[in-house]
Amino acid sequence: MQKMQENSVASELINFLNASPTAFHAAKRRLRNAGYEQVSERQDWDLEAGKRYFFTRNHSTIVAFAIGNKFEAGNGFYIVGAHTDSPCLKLKPVSKVTKGGYLKVGVQTYGSGLWHTWFDRDLTVAGRVIVKEEKDGSVSYSHRLVRIEEPILRVPTIAIHLDRNVNSDGFKVNTETQLLPVLATSIKTELNKAVAESGPVKSEEIQVDGKKSDIGMINSKHHSLVHEMIANQIGCKVEDICDFELQVCDTQPSVIAGAAKEFIFSGRLDNLCSSFCSLKALIDATSTESDLKDESGVRMVALFDHEEVGSDSAQGAGSPVMLDALSRITSSFDSDSKLLPKAIQMSYLVSADMAHALHPNYMDKHEDNHQPKLHGGLVIKHNANQRYATNAVTSFLFREIATKHNLPTQDFVVRNDMACGSTIGPILASGVGIRTVDVGAPQLSMHSIREMCAVDDVKYSYEHFKAFFQEFSDLDAKITVDM
């Protein structure tokens, strides 16, 4: 039975990963299917105890919450926070590059990726498109998600005959000149009459249906092939594409793998694995009326964009998204401004971001007493310099839930002679003032185009987060600090 549950949760994660090539694609449909009602930050909120809601910002940051039946303004929020973005290659505003008889796509690096892993992969593009729509003489603009399923791009490595020292000196990548994906050859596209290599075309030189069109200017920025594929995918005219935000993606699907089927091989495990486990835990912990019957707080998942580049954006963890959500929910039940600070002090955040598992080929990279292993459960991250926000109280509370449910946990600190990464935890802890613990499932190949983790750590993460939502309010009432 346990093995079946592990595979069930892992299989759901696989489906989630394969449906989420970008941050724009993650979570929204899953919440709607679970009965969560979408609210808009542009409108007033009319919230009710016992109900479930979510909102998005920029379509890439998602906050979902379920209000307990016994919630009162000033009560706490029990939150799992994660992020939806991963290191990748994003198309430049002008991506049209033609060199040596090849059509290439200009890209910029996003985050700290292991860029050598992007070579010799079957790649495509996905993201969002702004489309012009005309109806009854009125013009509007819509946001559409797009994903080209088939492989259309590749970054080929240079032959070893032309780089004899690559195995001894290492594969060193110039990300500006050597990381451009190949889209097609100029000769082939000319024969197919899909691309005109005559230079930029001014928008006033092209007319569509007797009207001036901006498509010429758009095509001067990007290869026409890209526009044609996008238009075919979303079912619109090329001239109706106003702009887009695309990134390069691997086409190889996520899989359960390994000789014992114990691993998950996939891109974007950091941090869609945490995003999925927290979302599934929230949904399953709020799926019936009885789940919220005795809850006095708000159960919440907050998935932020732009963590990989520092969280400083309108939709990153460094923005007011979290504080805005707590404030608006609290004030929906009582307008007294004094209740928000009280609610924050009653609240608790689990900052969930993947952790570094012990690598069998690089064991000296871990401190001897802190070597998280695959199959070992969630890793509680510590750092004296506050790169992680964990302290004795927050780690105790999180570990106590694990003990009650017989769930394994591990501890991690980085070696003193190595730099330490960080998460959204310290950003939210300092920006909002909320108690925080930093945790994550152990994984290998972090920031590679293809990462790996353990199937049963996915199950442990889900079960731990679900138990947190169900039991934290009772546990928190038993601990005394600052009294």
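Just so you know, these numbers use all the heavy atoms, side chains as well, and skip hydrogens, waters and symmetry mates. Fair warning: this is a prediction, and the values are worked out from it, not measured in the lab.
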Atom [atom1] in [X], atom [atom2] in [Y]: separation rounded to 0.5 Å?
X    : Y    : atom1 : atom2 : value
C453 : E262 : SG    : CD    : 11.0 Å
D250 : C88  : CG    : SG    : 12.5 Å
L326 : I434 : CG    : CD1   : 6.0 Å

For [X] and [Y], does a side-chain donor sit closer than 3.5 Å to a side-chain acceptor?
X    : Y    : result
S461 : H464 : no
S327 : D324 : no
S287 : D284 : no
S311 : H306 : no
H382 : T390 : no

Sidechain-backbone polar pair: [X] side chain, [Y] backbone, donor-acceptor under 3.5 Å:
X    : Y    : answer
R299 : F468 : no
N58  : S60  : no
N385 : R387 : no
W115 : L89  : no
T124 : I148 : yes
R147 : V125 : no
R450 : Q252 : yes
Q233 : M229 : no
D85  : E308 : yes
S254 : S266 : no

Can you find a pair of side-chain heavy atoms, one from [X] and one from [Y], that are under 4.5 Å apart?
X    : Y    : answer
L374 : D457 : yes
V155 : D120 : no
V139 : E133 : no
F304 : V321 : yes
R328 : L47  : no
F469 : V80  : yes

*Could R57 and E41 be called an ion pair, given the rule that one side-chain N must be under 4.0 Å from one carboxylate O?*
yes
Heavy-atom closest pair, residues [X] and [Y]:
X    : Y    : value
A34  : I283 : CB-CG2, 3.6 Å
D305 : A23  : OD1-CB, 4.2 Å
L17  : G267 : CD2-O, 4.0 Å

_Checking L246 against V146 for the side chain to side chain contact (heavy atoms under 4.5 Å, CB included) test, could you report, in this order, the C-alpha distance in whole Å, the side-chain angles of both residues, the deciding distance, and whether it holds?_
CA-CA 9 Å; L246 300 179; V146 65; 3.7 Å; yes
_Geometric class of the F24/H59 ring pair [parallel <30°, tilted 30-60°, perpendicular >60°]_ = tilted
_Please verify the inter-ring angle class for H116 with F171; under 30° counts as parallel, over 60° as perpendicular, anything in between as tilted._
perpendicular
*Row check, Y110 ring normal vs K90 NZ/CZ: under 6.0 Å, within 45°*: yes
_Cation-pi geometry met for K280 and Y462 (6.0 Å, 45°)_ = yes
*Can you list the steps and then say if L378 with F398 is a side chain to side chain contact (heavy atoms under 4.5 Å, CB included)?*
CA-CA 10 Å; L378 280 170; F398 194 72; 3.8 Å; yes
*asked:* Between Y348 and Y78, is the ring centroid distance below 6.0 Å?
replied: no
*asked:* Just checking F77 against F65, ring centres under 6.0 Å apart?
replied: no
*Please assess R30 against E12 for the test salt bridge (Lys or Arg N to Asp or Glu O under 4.0 Å), listing each intermediate value before the final yes or no.*
CA-CA 11 Å; R30 189 177 188 89; E12 285 189 55; 2.8 Å; yes
Distance-only criterion, 3.5 Å: show the donor-acceptor pairs between side-chain atoms of residues 352-360 and protein atoms not counting sequence neighbours.
from : atom 1 : to   : atom 2 : distance (Å)
D353 : OD1    : H83  : NE2    : 3.2
D353 : OD2    : H83  : NE2    : 3.3
H359 : ND1    : N361 : N      : 3.1

*Scan V458, V455, I264, V9 and name whichever one has a side chain to side chain contact (heavy atoms under 4.5 Å, CB included) with I14.*
I264
*Could you walk me through whether V166 and K172 pass the side chain to side chain contact (heavy atoms under 4.5 Å, CB included) check?*
CA-CA 8 Å; V166 64; K172 300 174 183 177; over 6 Å; no
*Where do S112 and H447 land on the side chain to side chain contact (heavy atoms under 4.5 Å, CB included) test, with the steps shown first?*
CA-CA 7 Å; S112 300; H447 287 197; 4.2 Å; yes
*Under the ring-ring contact (aromatic ring centres under 6.0 Å, His included) criterion, do F55 and W45 qualify, and how do the steps go?*
CA-CA 11 Å; F55 69 89; W45 291 358; 5.4 Å; yes
